[in-house]
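Below: the structure, in structure tokens.
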Amino acid sequence: MRQLPYLLILVFILASCSEYQKVLKNEDVKAKYDLAEKFYNEGDYKRANRLFEQIAPKYVGKPQGERVMFFFADSYFKIGDYNLAGYQFERFLKSYPKSDKLQEAAFLGAKSYYELSPIYSVDQTDTDKALSKLQVFINTYPDSEYFDSANKMAKELTTKKEKKAIEIVAQYNKLSGFDFSFLTPAITGADNFLSDYPGSEFREDALFYKFNATTHMALNSFDNKKGERLKEARAAHVALIKYYPETKYAGKVADLLQQIEKESQNFSK
């Protein structure tokens with residue numbers, strides 16, 4: 001008797017599978033629609049998606065088309081296929097610009113690309129696309145129930161991009177210790193970072209990297225450029241100390257300043 005509930009569950013599963021296979025193979029669009037919506041409402045998004053995929057073209061231009069296309073896109077999102085979810089939500093937005101689901105579709109489309117965003121150390125093309133979609137949503141729907149979530153995701157992705165950018169500047173600084181040709185991209189990279197991300201949590205790092213690179217550029221310059229570059233190094237130091245008088249790089253800063261002073265004395269002689 002204890003096995004009876006399990007047998008009933010097994011019978012139900014087998015019946016469900018049989019019904020699914022039967023409807024999947026026949027040409028009855030209404031039957032596919034009803035079963036797809038049933039699976040969707042029960043959380044069986046994978047089978048619902050397969051059925052919606054079959055019937056979506058059949059409902060283009062029909063009253064149920066809007067509903068089918070939204071469920072089709074959302075079922076991709078629910079099963080974690082974010083590439084196709086993003087694509088299908090974009091199609092929905094273009095096809096039904098006056099839909100009651102427009103706001104939700106715009107948010108879920110942006111979130112699909114957010115889910116595709118990789119770790120900061122690799123190419124950030126998907127991050128850029130996600131940020132673009134999220135920013136459009138934030139600007140278009142400032143009163144949306146999804147606004148705070150969109151802002152949070154946008155901030156997270158921006159930090160990821162900042163981390164990628166500052167890592168590149170740090171790498172140029174490290175390589176310049178072995179090859180002086182990396183000093184110029186180190187300085188340029190720091191300048192670009194400070195311009196692109198003025199409020200970044202990595203601003204202190206960028207200011208230090210610029211000071212470090214300009215100092216070594218000055219120390220390794222020919223005499224005809226040394227005076228000008230020593231001034232640039234001092235200016236980079238002033239910028240760092242202005243914003244971070246108790247910088248976490250205090251020890252390294254003191255050492256670099258000492259080298260600048262020594263070089264300046266030798267150069268003036």
Steps toward salt bridge (Lys or Arg N to Asp or Glu O under 4.0 Å) verdict (Asp44, Arg47)
CA-CA 6 Å; Asp44 189 346; Arg47 288 199 288 183; 2.7 Å; yes
One thing to verify: whether Asp255 and Lys252 come together as a salt bridge, which I'm taking to mean a side-chain N less than 4.0 angstrom from a carboxylate O.
no
Give me the ring orientation class for Phe77 and Phe89: parallel if the planes are under 30° apart, tilted from 30 to 60°, perpendicular past 60°.
perpendicular
Can you say whether the rings of Phe72 and Tyr76 are parallel (under 30°), tilted (30 to 60°) or perpendicular (over 60°)?
tilted
Which of these, Tyr59, Phe39, Phe71, sits in a ring pair (Phe, Tyr, Trp, His ring centres under 6.0 Å) with Tyr33?
Tyr59
Is the Tyr146-Phe107 ring centre distance short of 6.0 angstrom?
yes
Measuring only between side-chain heavy atoms, which start at C-beta, is Leu207 closer than 4.5 Å to Tyr243?
yes
Side chains of Thr158 and Glu162 in contact at under 4.5 Å (non-hydrogen atoms):
yes
Just so I know, are the side chains of Val169 and Lys210 near enough to count as touching, which here means a heavy-atom distance under 4.5 Å?
no
Go through the steps for Lys225 and Glu232 under the test salt bridge (Lys or Arg N to Asp or Glu O under 4.0 Å), then give the verdict.
CA-CA 11 Å; Lys225 292 186 176 180; Glu232 290 172 355; over 6 Å; no
When you group the ILVMFWY residues by side-chain heavy-atom contacts below 4.5 Å and let the links chain together, are Leu93 and Val68 in the same group?
yes
ILVMFWY network linking Leu183 to Leu194, side-chain heavy atoms under 4.5 angstrom
no
Side chain to side chain, Tyr244 and Arg203, heavy atoms closer than 4.5 Å
yes
If two hydrophobic side chains count as joined below 4.5 Å and joins carry through other members, does Leu230 share a cluster with Phe222?
no
Side chains of Arg234 and Ser264: any donor to acceptor distance under 3.5 Å?
yes
Check for me, please, whether Ile187 and Val253 land in the same ILVMFWY cluster - side-chain distances under 4.5 Å, paths through other members count.
no
Hey, is Lys101 close enough to Glu104 for a salt bridge, meaning N to O under 4.0 Å?
yes
At what distance, to the nearest 0.5 angstrom, does CD1 of Ile166 lie from OG of Ser200?
7.0 Å
Run the salt bridge (Lys or Arg N to Asp or Glu O under 4.0 Å) check on Glu42 and Lys38 step by step: do they pass?
CA-CA 6 Å; Glu42 292 174 351; Lys38 176 177 178 289; 3.2 Å; yes
Between Glu263 and Arg229 (salt bridge meaning N to carboxylate O under 4.0 Å), is one present in this structure?
no
4.5 Å side-chain heavy-atom contact, Tyr249 and Asn212
no
Do Phe92 and Leu84 sit in one hydrophobic cluster, given that two such residues count as connected whenever their side-chain heavy atoms are within less than 4.5 Å of each other, even indirectly?
yes
Kindly indicate, with the supporting measurements, whether the criterion side chain to side chain donor-acceptor pair (under 3.5 Å) is fulfilled by Glu204 and Thr247.
CA-CA 8 Å; Glu204 180 180 2; Thr247 177; 2.7 Å; yes
So, for Tyr45 and Tyr40, is the gap between ring centers shorter than 6.0 Å?
yes
I'd like to know if Lys30 and Asp34 make a salt bridge, using a cut-off of under 4.0 Å between side-chain N and carboxylate O.
yes
Decide yes or no for Tyr113 and Met153: does some side-chain heavy atom of the first lie under 4.5 Å from some side-chain heavy atom of the second?
no
Between Gln124 and Lys161, is there a side-chain donor-acceptor contact under 3.5 Å, judged purely by atom types and distance?
no
Under 4.5 Å between any side-chain heavy atoms of Tyr141 and Leu102, yes or no?
yes
For the aromatic rings, using the six-membered ring if either is Trp, is the centroid distance between Tyr96 and Phe70 under 6.0 Å?
no
Can a salt bridge be assigned to the pair Asp74 and Lys78 using a cut-off of 4.0 Å between side-chain N and carboxylate O?
yes
Tell me, do Leu256 and His237 make a side-chain contact under 4.5 Å, heavy atoms counted?
no
